[in-house]
K.L.:
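Can you read through this structure? Questions will come right after.
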Number of protein chains: 2
Amino acid sequence: MYICIVMSNSKLYKGSLNTIILKLLNENDKMYGYEITQKVKELTKGELKITEGALYPALHKLEAEGLLDVEVAKVDNRLRKYYKLTENGTKETANKLEELAEYIKTMQALVNPKLA
Amino acid sequence: MYICIVMSNSKLYKGSLNTIILKLLNENDKMYGYEITQKVKELTKGELKITEGALYPALHKLEAEGLLDVEVAKVDNRLRKYYKLTENGTKETANKLEELAEYIKTMQALVNPKLA
DNA sequence: AAATATACATAATTTTCTTATGCATAAGTT
DNA sequence: AACTTATGCATAAGAAAATTATGTATATTT
């Protein structure tokens with residue numbers, strides 16, 4: 001038995017899930033849900049864990065908005081739903097990334113005004 | 001008549017209001033609500049507008065959690081509620097700022113893995 | 001045989017915000 | 001004098017986006 005302290009899932013991640021999903025799909029062409037959770041865990045060295053309750057509704061919403069296309073596959077007798085960016089999805093990815101950069105700049109102006 | 005386009009209040013700000021409040025109080029000793037809204041507008045060059053519906057409940061909550069002390073004053077026959085950090089508030093400010101730095105680092109690892 | 005990993009999904013609840021509304025005084029404008 | 005904008009607080013209704021808790025099912029590891 002061991003104790004694990006993780007600072008993960010700070011409140012700040014709220015609102016950035018869509019950006020994360022879109023960016024990953026922009027890099028990896030197509031991915032399925034579980035793969036996304038693992039990739040995020042890997043890239044953030046375990047610091048950020050995307051929960052299923054957040055991820056799947058987000059994917060469905062992005063699909064409903066026409067930003068993602070879905071394609072179902074069966075691998076090892078298990079279902080996988082591969083998502084990929086639509087044309088609009090690619091455009092929106094650029095917007096989201098710009099928004100994120102802007103957000104980071106703004107926050108730095110707030111918490112570290114000397115560097116602004 | 002003119003049209004004003006502001007990218008302000010993007011969804012990403014969700015979760016960072018407390019950090020902003022605490023950091024400003026950490027720098028300015030004591031501030032009142034309206035002053036905070038104006039300071040944020042100034043520091044972000046109008047890009048971020050803290051709404052009253054978000055600010056006042058947040059201040060009340062931080063006070064209830066023992067992170068802020070409040071002191072009422074009357075200036076020009078108008079009420080002001082000055083908030084300042086408690087000892088715990090100062091500690092929590094450090095935590096929040098570290099969390100923010102961590103968040104920014106993590107997001108940069110996600111959206112720009114080459115630099116990680 | 002049992003536990004963990006893979007893979008999806010949804011419902012209930014909570015948190016945190018926006019929008020709308022309300023009260024009140026001071027200062028500036030028409 | 002009347003009206004608008006600025007200053008200053010507050011709360012309620014609703015929306016958005018997460019967490020937590022469940023549920024189903026197969027594959028792999030212990």
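Chain A is the first sequence line, chain B the second, and so forth, proteins listed ahead of strands; every chain is numbered from 1.
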K.L.:
Supply the members, apart from B:Val72, of the Ile/Leu/Val/Met/Phe/Trp/Tyr cluster built from side-chain contacts under 4.5 Å; use none for a lone residue.
P.N.:
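Answer for B:Val72: B:Leu79.
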K.L.:
Atom CD1 of B:Ile36 to atom C1' of D:dC9: distance rounded to whole Å?
P.N.:
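In whole Å, D:dC9 C1' and B:Ile36 CD1 are 13 Å from each other.
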K.L.:
Rounded off to whole Å, could you give me the CD-to-P distance for the A:Glu35 and C:dT6 pair?
P.N.:
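That distance rounds to 12 Å.
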K.L.:
With no hydrogens and no angle check, just 3.5 Å: does a side-chain donor-acceptor pair link B:Glu98 and B:Asn95?
P.N.:
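Result is no, nothing qualifies.
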K.L.:
Figure out the OH/P separation between A:Tyr34 and D:dT28, and round it to whole Å.
P.N.:
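From A:Tyr34 OH to D:dT28 P: 13 Å.
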K.L.:
Counting only side-chain N and O atoms of A:Tyr32, is one of them less than 4.0 Å from OP1 or OP2 of C:dA7?
P.N.:
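Yes, A:Tyr32 has a side-chain N/O under 4.0 Å of OP1/OP2 on C:dA7.
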K.L.:
Quickly work out the B:Ile50 CD1 to D:dC9 P distance and round it to whole Å.
P.N.:
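Distance, rounded to whole Å: 14 Å.
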K.L.:
So how far is it from B:Lys23 NZ to B:Leu100 CG, rounded to the nearest 0.5 Å?
P.N.:
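Rounded to the nearest 0.5 Å, the NZ-CG separation comes out at 10.0 Å.
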K.L.:
Could you go through residues 57-71 of chain B and list every donor-acceptor pair under 3.5 Å that involves a side-chain atom there, pairing it with any protein atom two or more places apart or in another chain?
P.N.:
{"residue": "B:His60", "atom": "ND1", "partner": "B:Tyr56", "partner atom": "O", "Å": "3.3"}
{"residue": "B:Lys61", "atom": "NZ", "partner": "B:Glu65", "partner atom": "OE2", "Å": "3.3"}

K.L.:
With sequence neighbours left out, write down each residue that passes side-chain contact (heavy atoms from CB on, under 4.5 Å) with B:Lys105, or none if nothing qualifies.
P.N.:
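So B:Lys105 forms a side-chain contact (heavy atoms from CB on, under 4.5 Å) with B:Glu102.
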K.L.:
Which residues in residues 63-83 of chain B have at least one heavy atom lying under 4.0 Å from any atom of DNA chain C?
P.N.:
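Close to the strand are B:Asp76, B:Asn77, B:Arg78.
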K.L.:
Side chain of A:Pro57, heavy atoms from C-beta onward: which of D:dT7, D:dA10, C:dT10 has the nearest atom to it?
P.N.:
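Given the options D:dT7, D:dA10, C:dT10, the side chain of A:Pro57 is closest to C:dT10.
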K.L.:
Identify, with sequence neighbours excluded, every residue that meets salt bridge (Lys or Arg N to Asp or Glu O under 4.0 Å) alongside B:Lys81.
P.N.:
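Partners of B:Lys81 under the salt bridge (Lys or Arg N to Asp or Glu O under 4.0 Å) test: none.
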K.L.:
What's the CG-P distance between A:Leu55 and D:dT20, to the nearest Å?
P.N.:
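Checked: the CG to P distance equals 16 Å.
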K.L.:
Sequence neighbours left out, what passes ring pair (Phe, Tyr, Trp, His ring centres under 6.0 Å) with B:Tyr32? Give chain and number order.
P.N.:
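Ring pair (Phe, Tyr, Trp, His ring centres under 6.0 Å) check on B:Tyr32 returns B:Tyr82.
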K.L.:
Rounding to a whole Å, what distance do you find between A:Met31:CE and C:dA7:C1'?
P.N.:
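Roughly 14 Å, once rounded to whole Å.
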K.L.:
Select base, sugar-phosphate, or nothing to describe what A:Gly53 touches, counting heavy atoms under 4.0 Å on all strands.
P.N.:
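Base contact.
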K.L.:
Measuring to OP1 and OP2 of C:dT16, would you say a side-chain N or O of B:Lys61 lies under 4.0 angstrom away?
P.N.:
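Yes, within the criterion.
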K.L.:
What's the NZ-P distance between B:Lys39 and D:dT7, to the nearest Å?
P.N.:
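Rounded to whole Å, this separation is 14 Å.
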K.L.:
Counting only side-chain nitrogens and oxygens, does A:His60 get under 4.0 Å of the OP1 or OP2 atom of C:dT10?
P.N.:
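Checking A:His60 against C:dT10: at least one side-chain N or O falls below 4.0 Å of OP1 or OP2.
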K.L.:
When you measure from the side chain of A:Glu52, which nucleotide among C:dT19, C:dC8, D:dA6 comes out closest?
P.N.:
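The answer is C:dC8.
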K.L.:
Below 4.0 angstrom from OP1 or OP2 of D:dC9, is there any side-chain N or O of B:Tyr56?
P.N.:
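Yes, such a contact exists.
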K.L.:
C:dT15 C1' sits how many Å from A:Leu17 CG, rounded?
P.N.:
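After rounding, the gap between these two atoms is 16 Å.
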